[in-house]
**Q** 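Below: one structure in structure tokens.
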Amino acid sequence: MNRHEVISAPAHGAIHLHNEDVASAFAEMAELLAIGGENPFRVRAYERAANVVRGLSRPLADIGDRREFDRLPGIGPDLAGKIAELLRTGRLRALEQLRRRAPAGLRELLRVPGLGPVRVRALHAGLGIRGVADLQRALRSGRLNRLRGFGPVLRKRLAESLEGEATTPRRWPLVAATPYAESLRDYLRSVPGVARAEIAGSYRRGRDTVADLDVVIATQRRVDLAAALRRCADVHLLSAAGPTRCTALLRNGLQVDLRLVPQGSYGAALLYFTGSREHNLSLRRRAQARQLKLNEYGLYRGQRRIAGASEQELYHALGLEWIAPELREDRGEIAAAEQHRLPRLVELGDLRGDLHAHTNASDGSESLEAMVAAARARGLEYLAITDHSRHLGIVHGLDADRLSRQVDAIDELNAKLSGFTVLKGVEVDILEDGRLALPDAVLCRLDVVVAAIHDHFQLGESQQTNRVLRALDHRCVSILAHPSARLLGERAPIHMDFGRVLAAVKERSCFLELNAQPGRLDLDDVHCKAACDHGILVSIASDAHSSGELADLIHGIRQARRGWLTAANVLNARPLDELRRLLAQCRR
DNA sequence: GCCGTTTTCGGCCCGACTGTTTTCAGTCG
């Protein structure tokens, strides 16, 4: 169901709004105010509030107190009242008023490249255009020609972007963009005069998806960037080309923004282009408060540059420790850097084992022995074999008998191994009613029981939540796998009260998985931080279906770093004996 | 609408590029 319907639904019965609902209401307010010609700073305030709420690791519904809302950064008395109104009534009167004034289609016009609030307002006021379809008609009929400010070049650009819109995906999974990013970066490094080239943006921050690529280039001398890009085989066209800035479209449809600076500004440009936007804004406000100016060329006191060559010196000059790119979301990292309490983020080398992997006994492609050998070769000390239970139609899931035989086989294998341990496990389906797809008798023989949802994704929130809570209540369950069941770009997260699930996991002393498959990355960053704040240990798991997929752990590490996780927060960073003790604790 | 080692009022990040203009507004990142 569309979240917006929740917000405008009449208030009756129990209202339970997620932070995302509040964030999207504020984001919509910002867009409608902008289209209405409202003071841009007021618009910014709503945008900022939306971002702050979206990044909170605690549900607003749990905070519950208006004065507490007021203490959040960027939330003052007015917005605190609006949050309270939303939570209490499920509605926001100010938003409903704005919606009555502006047609819904105007917001989609804002997404069209080249259109901002001013031009959208002009289209609406001048020609009565109420959405993308109206704009297309006006372009074809030539009606747009008489609107001031819409010259031939802009009209052509609009027509092109309206046609291309359906074919270009809005965001790319990070791994889908990676080969293009690396190949472009390597090409740029080979261009004469280029000293350094790095992919920045959300790619460097390790987000699960990227909308485009941002490339920072430091040069030793003048470089004709546009000419170099035109020679690159991957580049389809340049949509903007200045001496220091270019925007290119790759043949696969991925957009690339490139920024070229002298070497002495490399750190400042990298900082600026890595973002996030909100992180940069906070840094610039901080600079301003110290009578300094921060831009992509450096940090300035008056005309004099006091830092710029490296990120380290820039952060230090602002009185901060260097902040890892994964944390740069303006979610408290700047205060932490000031107070020397940044987390020491988990690294791949911290992992001692992997607690979710498949063999050809179910839908994996390799034998038990091959998977074990591969895990060992990667320097791991233990590997849990967690094949699917029988319930799933798509795979050769294990029934109780076959699972028992696998358990015996693992016992035999362990007897032959030294310095490595295979843990006996299963990935058991959570049935529609929350029961598990295998009997207790066999589950209790296992070291680790990973429970997962693989069907009935569309259940309503209370039913889905109860389903998961019931599964967690099972005395053998150790880990809740890929908790939201999302598939990036394919399947939305299930509707579930994550706060209640967190509380149950904590109370049961069991664990949440951060599934490292690049198409899942589930937990996401915000939920990962919430788990961390609750003191819940997270299993960073490859969910490998072949030996090569054990390498996917790195994607999980990146996501975990975005969720502020240190090695101490990670279940499979613990040595085997401690892991066994922790797994035993959640047995009842 | 928020916020305060300038301030409870008057600021609010900063620069590049484009197109439509006769000097700059709008968009974008």
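The sequence lines fix the lettering, A, B, ..., with proteins before strands; numbering per chain opens at 1.
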**Q** If the condition is ring-ring contact (aromatic ring centres under 6.0 Å, His included), which residues does A:Y187 pass it with, not counting sequence neighbours?
**A**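 With sequence neighbours excluded, A:Y187 shows a ring-ring contact (aromatic ring centres under 6.0 Å, His included) to no residue whatsoever.
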**Q** Quick check against the 3.5 Å criterion: does A:N280 have a side-chain atom that pairs as donor or acceptor with the backbone of A:Y272?
**A**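 Yes.
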**Q** Hydrogens and angles aside, do A:R121 and A:H124 bring a side-chain donor and acceptor to less than 3.5 Å of each other?
**A** no
**Q** Using atom C1' in both nucleotides, what's the gap between B:dC2 and B:dT8 to the nearest angstrom?
**A** 12 Å
**Q** Give A:A241 one of three labels, base, sugar-phosphate or nothing, depending on what nucleic acid heavy atoms sit under 4.0 Å from its own.
**A** sugar-phosphate
**Q** With rounding to whole Å, what would you report as the distance between B:dC14 and B:dC9 at their C1' atoms?
**A**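 About 24 Å, rounded to a whole number of Å.
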**Q** Distance between the C1' atoms of B:dC13 and B:dC28, in whole angstroms?
**A**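 Result for the C1' pair: 14 Å, nearest Å.
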**Q** Does the side chain of A:L523 reach to within under 4.5 Å of the side chain of A:Q559, using non-hydrogen atoms?
**A**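 No. Closest side-chain heavy atoms not under 4.5 Å.
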**Q** Looking only at atom types and distance, does a side-chain atom of A:S161 sit under 3.5 Å from a main-chain N or O of A:L158, one as donor and one as acceptor?
**A**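 Side chain of A:S161 to backbone of A:L158: a pair is present.
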**Q** Could you pull out the protein-nucleic contacts involving nucleotides 2-7 of chain B (nitrogen or oxygen on both sides, under 3.5 Å)?
**A**
residue : atom : partner : partner atom : Å
B:dC2   : OP1  : A:G76   : N            : 2.5
B:dC2   : OP1  : A:G76   : O            : 3.2
B:dC2   : OP1  : A:L79   : N            : 3.1
B:dC3   : OP1  : A:G74   : N            : 2.6
B:dT6   : OP1  : A:A289  : O            : 3.0
B:dT6   : OP1  : A:Q291  : NE2          : 3.3

**Q** Find the distance between CD1 (A:I75) and CZ (A:F26) and round it off to the nearest 0.5 Å.
**A** 5.5 Å
**Q** Taking side chain to side chain contact (heavy atoms under 4.5 Å, CB included) as the test, write out the residues that go with A:L281, two or more places apart.
**A** A:R44, A:E278, A:R285
**Q** Is the closest basic N to carboxylate O distance between A:R42 and A:D78 below 4.0 Å?
**A** no
**Q** Working to the nearest 0.5 angstrom, can you tell me the gap between A:L299 CG and A:L271 CG?
**A** 10.0 Å
**Q** For the side chain of A:N295, counting heavy atoms from C-beta on, which of B:dC17, B:dG1, B:dC14 is nearest?
**A**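 Nucleotide nearest to A:N295's side chain: B:dC14.
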**Q** In whole angstrom, what separates A:R111's CZ from B:dG29's P?
**A**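 Those two atoms, CZ and P, are 13 Å apart.
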**Q** Using the P atom in both, what is the distance from B:dT21 to B:dG26, to the nearest Å?
**A** 12 Å
**Q** Does B:dT8 have a Watson-Crick or wobble mate here (both distances under 3.5 Å), and if so which one?
**A**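 Pairing partner: none.
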**Q** On the nucleotide B:dG15, are OP1 or OP2 found under 4.0 Å from the side-chain N or O atoms that A:K293 carries?
**A**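 Checking A:K293 against B:dG15: at least one side-chain N or O falls below 4.0 Å of OP1 or OP2.
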**Q** Check DNA chain B against residues 214-231 of chain A and give the residues with a non-hydrogen atom under 4.0 Å, in numerical order.
**A**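 Residues of residues 214-231 of chain A under 4.0 Å from DNA chain B: A:D214.
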**Q** What are the residues of residues 118-128 of chain A, sorted by number, that bring a heavy atom to within less than 4.0 Å of DNA chain B?
**A** A:V118, A:R119
**Q** Say we look at B:dT6 and B:dC12: how far apart would their P atoms be, to the nearest angstrom?
**A**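 It comes out at 15 Å once rounded to the nearest Å.
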**Q** Between B:dC28, B:dC17, B:dG1, spot the one nearest the side chain of A:T244, thanks.
**A** B:dC17
**Q** Tell me, do A:R66 and A:R88 make a side-chain contact under 4.5 Å, heavy atoms counted?
**A** no
**Q** Side chains of A:S202 and A:R207: is there a donor and an acceptor less than 3.5 Å apart?
**A** no
**Q** Identify which nucleotide among B:dG1, B:dT22, B:dT20 has an atom closest to any side-chain atom of A:V153, counting heavy atoms from C-beta outward.
**A** B:dT20
**Q** Can you sort out which residues in residues 262-285 of chain A have a heavy atom within less than 4.0 Å of DNA chain B? Ascending by number, please.
**A**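 Close to the strand are A:Y272, A:F273, A:R277, A:L281, A:R284, A:R285.
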**Q** Would you indicate what A:G201 reaches in the nucleic acid, counting non-hydrogen atoms under 4.0 angstrom: base, sugar-phosphate, or nothing?
**A**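 The residue A:G201 makes no contact with any strand.
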**Q** Measure the CG-CG distance between A:L95 and A:L32 for me, rounded to the nearest 0.5 Å.
**A**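 A:L95 CG to A:L32 CG: 6.5 Å, rounded to 0.5 Å.
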**Q** Between A:R305 and A:S265, do the side chains contain an N or O donor and an N or O acceptor separated by less than 3.5 Å?
**A**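 Checked: A:R305/A:S265 side chains pair up, N/O donor to acceptor below 3.5 Å.
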**Q** Taking only the side-chain heavy atoms of A:R259 (C-beta and beyond), determine which of B:dG29, B:dA16, B:dC14 contains the nearest atom.
**A** B:dA16
**Q** How about A:S484 and A:D524: does a side-chain donor come under 3.5 Å of a side-chain acceptor?
**A**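 No, because no side-chain N or O of A:S484 sits under 3.5 Å from a partner of the opposite role on A:D524.
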